Student: 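The structure that follows is given in the form of structure tokens.
In what follows, every chain begins at residue 1, and chains take the letters A, B, ... in the order their sequences are listed. Since we're looking at a predicted model, the values are computed, not measured.
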Amino acid sequence: MAENFIRDIIKDDLAAGRHQQVVVRFPPEPNGYLHIGHAKAICLNFGLPEDFPGRCHLRFDDTNPTKEEMEYVEAIQEDIRWLGFDWGEHLYYASDYFDQLHEWAIHLIREGKAYVESLSAEQIREYRGTLTEPGRNSPFRDRPIEENLELFAAMGRGELEEGSHVLRAKIDMASPNMNMRDPTLYRIRKASHHRTGDKWCIYPMYDFTHGQSDAMEGITHSLCSLEFENHRPLYDWFLENLPVPHRPRQIEFARLNLNRTVMSKRKLLQLVENGHVEGWNDPRMPTLSGMRRRGVTATAIRNFCDVVGVAKRDSMVDIALLEHCLREDLNAHSPRRMAVLDPLKVVIDNYPEGQVEQMEAENIPGVAEAGTRKVPFSKVLYIEKEDFREQAPRKYFRMKPGQEVRLRYAYYVTCTEVVKNDAGEVVEIHCRYDPESKGGNTADGRRVKGTIHWVSADHALAAEVRQYGPLFLSENPAAEEDFLQDLNPDSLTVLTAQVEPGLAEAEPGSRFQFERKGYYCVDTAHSQPGKPVFNLTVGLRDSWAKIESKERQKAKA
RNA sequence: UACCCGAUGGUGUAAUUGGUAACACAACAGGUUUUGGUCCUGUCGUUCCAGGUUCAAGUCCUGGUCGGGUAGCCA
């Protein structure tokens, strides 16, 4: 794993003997699915014990019963395991600490460091002051300890209404750090919790939970994102004012931002609930479950997180970097197949009627161990519509009248005739083949610039192919006034392709490269036995598209 | 106009902790190729600004500029 400032700190702590091992944690709130941004934090935390003595805990930060669900708890574990990480015995829930946290709240009251507030939420806001003006003390701030104890107990017994009271720490209403202006410790929520059921009707806030949970688990380095930087003094205040067994250290780093996508759980939830996508695992979603369904590999995500690095400045990573990591992994490991996405019929006039040859094709060129397969070839084929032009531009190496091209792993063919419909559209091509060119080369060694893919019309399997484009149009949809207005109406195009017959048995979840097109994954939701549905994972780099657009510009000028 | 944090190519991270600014992506230009894929080669920077310390500053000091975060009974 690449070096970063956090690993430097850890190395230094280990070398100085401040710790014998590193204990870290990944603390998701189970209120949504994990996304690629979480992967950065997961790789950082779970990657540490791979290089240093120690361990990484998985801890669900489940202090808000109104937003959290068991479905998310399970999905989160599946996603982390899929990435290839393991927390062993160390699965924890903040809700397991509710008893201890409650005791510590009473401890603070007894010490005169916490009080029960009777002001309304709105009044509390008024008393808090602003970013530039200090707050004022609440009239309830100096309530006697015994009364605080009694009121807090009444909160706990459910005798007080939601919103009527909260427990607050007594710190400093004039602090320039808003988090220190008597933060809320406990609020009343008469809601059933996904793990503790109806045991509690008061729940601790994040700030009162996180550091103490770290302390109880013996966390040495508590890594979180930048927006918690201002919370660190409060994190430390609790550790200093409570009889905790251990003293963890919070270190903040910048979360991942990716262009052309949104990364907030709130926005992702909106996409799901408003039906803009099929669900959390829609292949267009930046969720780990969506990316997995799309065919993205765990290896690619881990390499991506590694190369992105960890630092403290906000940044926007180009999605092209993720695509690069993906292609790198997929290129090395995906078996090749031929699939014609937009078919055009081709008849080889001089090829014997009824003859079928089994052409041998490499599964991964250059990787002999990956083996070969047989692909049936016959007189009538399909090729890609875009691989034929009646009027071809400069530098067009594919099929055009009179230009010899290679049918990959098969024969050289030359177009002799173009058949059009009444609308003038090309509907069929006729050509002649060179019987001496079987396999795709000839003894005379003549050069053929273009090589195109094909399938035999009589043998091809018609298969659904789902072509995905970016979900959003702009560089940074999160910065748009309404990100939903930025949704790409063409993010999904469903095609019926003609593919190699062998693909009929492709297992859901298996990945292939459709030669000259891209990487595809058999969809786990829509595929039927014998009827695979393919998701575009990522396209191949397309330098012809660049050449063509450049030629067009030249022609204009 | 409060407090906290940050600033290195188009993008993201490095820089032996004061000693020749490196790696990857992108872009561009070539080469190889039975995928216009892969692979290979090359091109692309006054380290935010101004002072200061020093033989030597991306790194240390002072002042500024710009960007981000913070006023939930969310996390």
Student: Hey, what are the protein-to-nucleotides 40-43 of chain B N/O distances that come in under 3.5 Å?
Tutor:
none

Student: Could you write nucleotides 64-69 of chain B as a row of B, S and -, 5' to 3', where a protein heavy atom under 4.0 Å of any base atom gives B, of only sugar-phosphate atoms gives S, and otherwise -?
Tutor: ----SB
Student: The criterion is side chain to side chain contact (heavy atoms under 4.5 Å, CB included); which residues satisfy it with Pro233(A), sequence neighbours excluded?
Tutor: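 Here the qualifying residues are Asn177(A), Met180(A).
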Student: Using OP1 and OP2 only, check whether a side-chain N or O of Arg128(A) sits under 4.0 Å from C73(B).
Tutor: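 The answer is yes; a side-chain N or O of Arg128(A) sits under 4.0 Å from OP1 or OP2.
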Student: Starting at OH of Tyr520(A) and ending at C1' of G37(B), how long is that distance when rounded to a whole Å?
Tutor: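 Answer to the nearest Å: 14 Å.
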Student: Please determine whether a side-chain nitrogen or oxygen atom of Thr63(A) lies at a distance below 4.0 Å from atom OP1 or OP2 of A75(B).
Tutor: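 Yes, Thr63(A) has a side-chain N/O under 4.0 Å of OP1/OP2 on A75(B).
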Student: Applying salt bridge (charged side-chain N to carboxylate O under 4.0 Å, His left out), can you list everything that pairs with Arg128(A), at least two apart in sequence or on another chain?
Tutor: none
Student: Is the NZ or CZ atom of Arg337(A) positioned over Phe514(A)'s six-membered ring, under 6.0 angstrom from the centre and within 45° of the axis?
Tutor: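 Checked: cation-pi criterion not met.
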Student: What string of B, S and - do you get for nucleotides 14-30 of chain B, 5' to 3', if B is base contact, S is sugar-phosphate-only contact and - is no contact with any protein heavy atom under 4.0 Å?
Tutor: S--B------SSSSSS-
Student: Output yes when at least one side-chain N/O atom of Ser543(A) is less than 4.0 Å from OP1 or OP2 of G36(B), else no.
Tutor: no
Student: Output the pairing pattern of RNA chain B as a dot-bracket string, 5' first, Watson-Crick or G-U wobble with both distances under 3.5 Å, | for cross-strand pairs, [ ] for crossing pairs.
Tutor: .((((((..((((.....[..)))).(((((.......)))))....(((((..]....))))))))))).....
Student: Please compare Gly129(A) and Leu540(A) by the position of their nearest nucleotide in RNA chain B and report the one closer to 5'.
Tutor: Leu540(A)
Student: Would you give the length of the straight line joining atom CG of Asp8(A) to atom CD of Glu3(A), rounded to the nearest 0.5 angstrom?
Tutor: 6.5 Å
Student: Quick one: is Arg516(A) getting a side-chain N or O under 4.0 Å of the G36(B) phosphate, OP1 or OP2?
Tutor: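 Answer is yes, contact under 4.0 Å.
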Student: So, is Arg266(A) near the phosphate of G72(B), with a side-chain N or O under 4.0 Å from OP1 or OP2?
Tutor: no
